[in-house]
Amino acid sequence: MVSEGEAPEFPGGAGKMYKYFDRNFKRPNGDHAEGKIYVEFIVEEDGSISNATIKRGLEPACDEEALRVVRGMPKWKPSVRDGKPVKSRMTVPIVVH
């Protein structure tokens, strides 16, 4: 599904995406886990997010929160191939600290 051409982009770039994660990820009560959660998802032709799954988790409650945050992301700029938007698969790390 990954195409040659323009890669998908979170609105404002990677720096804005990580700020979005920091603002929106709410650590589950009583959880003290630290590390990275890798979430895979599809950026659709219209920039929406679908099929979010945990590729490498940390702790079940944190993993569920990471999925919630990814599913709530604003629309991305989709990948473009031959001048047309196409689906692409992304994996991003969410740092839990």
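Everything quoted here is computed from the prediction, not taken from an experiment. In this chain, numbering begins with 1 at the start of the sequence shown.
- Judged by distance alone, with hydrogens and angles left aside, the side-chain atoms of Arg27 form a donor-acceptor pair with the main-chain N or O of Ala33 at under 3.5 Å.
- Counting only heavy atoms from C-beta outward, the side chains of Phe21 and Val92 approach each other to under 4.5 Å.
- Side-chain contact between Glu9 and Met17 is absent, with no heavy-atom pair separated by less than 4.5 Å.
- Using a 4.5 Å heavy-atom cutoff, the side chains of Cys62 and Ile37 are in contact.
- Here the straight-line distance linking atom OG1 of Thr53 with atom CG of Asp63 works out to 11.0 Å at 0.5 Å rounding.
- Using a 4.5 Å heavy-atom threshold, the side chains of Met90 and Glu40 count as separate.
- Hydrophobic cluster of Tyr38: no remaining members, since no ILVMFWY side chain lies below 4.5 Å from it.
- Asp82 places no side-chain N or O within donor-acceptor distance of the main-chain N or O of Lys84, the cut-off being under 3.5 Å.
- The backbone N or O of Lys36 lies less than 3.5 Å from no partner atom in the side chain of Arg56, so there is not a single donor-acceptor pair.
- Side-chain contact between Ile49 and Arg71: absent, with no pair of heavy atoms (C-beta onward) separated by less than 4.5 Å.
- In terms of hydrophobic clustering, with Ile, Leu, Val, Met, Phe, Trp and Tyr side chains grouped at heavy-atom distances under 4.5 Å, Val39 and Ile42 are assigned to different clusters.
- Between Glu6 and Lys77 there is a salt bridge, with a side-chain nitrogen of the basic residue lying less than 4.0 Å from a carboxylate oxygen of the acidic one.
- Using a 4.5 Å heavy-atom cutoff, the side chains of Pro78 and Pro8 are not in contact.
- Residue pairs meeting the ring pair (Phe, Tyr, Trp, His ring centres under 6.0 Å) criterion with at least one partner in residues 64-87, sequence neighbours excluded, are Phe10-Trp76, Phe41-Trp76.
- Looking only at distances, no side-chain donor or acceptor of Ser88 sits under 3.5 Å from a matching main-chain atom of Ser79.
- Remark: the backbone N or O of Lys26 is paired with a side-chain donor or acceptor of Glu65 at under 3.5 angstrom.
- Here Ser48 contributes atom OG and Met73 contributes atom CE; the two are 10.5 Å apart, rounded to the nearest 0.5 Å.
- Of the possible donor and acceptor atoms, one in the side chain of Glu59 sits under 3.5 Å from a partner among the backbone N and O of Ala61.
- Side-chain atoms of Tyr20 never come within 3.5 Å of backbone atoms of Gly15 as a donor-acceptor pair (strictly under, hydrogens ignored).
- Looking at every heavy atom in both residues, Lys16 comes nearest to Pro11 through CB-O, 3.6 Å.
- Contact of the Asp22 side chain with the Val95 side chain is not registered, since no non-hydrogen atoms from C-beta on lie closer than 4.5 Å.
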